[in-house]
Amino acid sequence: MNIEELRQHCLAIKNAEECTPFGDDVLVYKIMNKMFAFFPLNPKDNEHFAVLKCDPDKTVELREKYEGITKGYYAGNNLMWNSVYIQKDVPDELIIELIAHSADEVFKKLPKKKQDEYRG
């Protein structure tokens with residue numbers, strides 16, 4: 001997977017919006033004004049990754065299984081965000097699933113009124 005493919009998969013999420021609130025070098029993806037993914041366009045070590053929200057129970061399992069899934073960059077000690085390196089051992093199909101999972105995690109936290117609005 002490359003950066004443009006990653007971008008396209010994020011934009012494929014229903015009603016996803018792309019923005020740059022952290023500067024032109026970081027793409028951020030939101031649903032209902034809540035962030036579900038972001039990634040730097042020019043990472044320092046040239047290893048591209050996306051930071052995705054994740055169920056904490058699933059986070060531990062993923063980090064143990066894949067070298068390319070680590071604690072979320074900028075997320076501190078939070079188990080709810082992972083950095084997913086797109087050019088390491090994480091299969092493209094799993095990255096696509098994790099993007100959808102991230103959006104689902106954001107959706108689940110929305111108030112019911114916002115969830116209904118999103119569905120409609």
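The first residue in the sequence is number 1, and the count goes up from there.
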How far apart are the closest heavy atoms of [X] and [Y], and which atoms are they?
X    : Y    : answer
M80  : K109 : CE-CE, 4.2 Å
A103 : I13  : CB-CG2, 3.7 Å
A50  : L6   : CB-CD2, 3.8 Å
L110 : M32  : CD1-CG, 3.8 Å
C10  : A37  : SG-CB, 4.0 Å
I3   : I86  : N-CD1, 3.9 Å

Is any side-chain heavy atom of [X] less than 4.5 Å from a side-chain heavy atom of [Y]?
X    : Y   : value
K114 : K34 : no
S83  : F39 : no
Y85  : T70 : yes
L98  : I69 : yes
F36  : I99 : yes
E105 : D55 : yes
V51  : M35 : no
E64  : V60 : yes

Output the distance between atom [atom1] ([X]) and atom [atom2] ([Y]), rounded to the nearest 0.5 Å.
X    : Y    : atom1 : atom2 : answer
K108 : D104 : NZ    : CG    : 7.5 Å
L79  : K58  : CG    : NZ    : 14.5 Å
H101 : L94  : NE2   : CG    : 10.5 Å
E47  : Q87  : CD    : CD    : 8.0 Å
M1   : D92  : CE    : CG    : 4.0 Å
I95  : S102 : CD1   : OG    : 13.0 Å

Is there a donor-acceptor pair closer than 3.5 Å between any side-chain N or O of D89 and the backbone N or O of Y66?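 Not a single qualifying donor-acceptor pair exists.
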
Under a single-linkage definition using a 4.5 Å side-chain heavy-atom cutoff for Ile, Leu, Val, Met, Phe, Trp and Tyr, are [X] and [Y] assigned to the same hydrophobic cluster?
X    : Y    : answer
V84  : L62  : yes
Y118 : L11  : yes
W81  : F22  : yes
V28  : V106 : no

Please check if the number of heavy atoms outside D116 that lie under 6.0 Å from its CG is greater than 12.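 Buried by this count: over 12 neighbours within 6.0 Å.
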
How about NZ on K88, more than 12 heavy atoms from neighbouring residues, nucleotides or ligands closer than 6.0 Å, or not?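 Yes - once you tally the heavy atoms of other residues, nucleotides and ligands closer than 6.0 Å, there are more than 12.
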
Any pair counted as side-chain hydrogen bond (donor to acceptor under 3.5 Å, both in side chains), so long as it reaches residues 1-20, sequence neighbours left out: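 Passing the test, one end in residues 1-20: E4-R7, E4-Q8, R7-E18, E18-Y29.
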
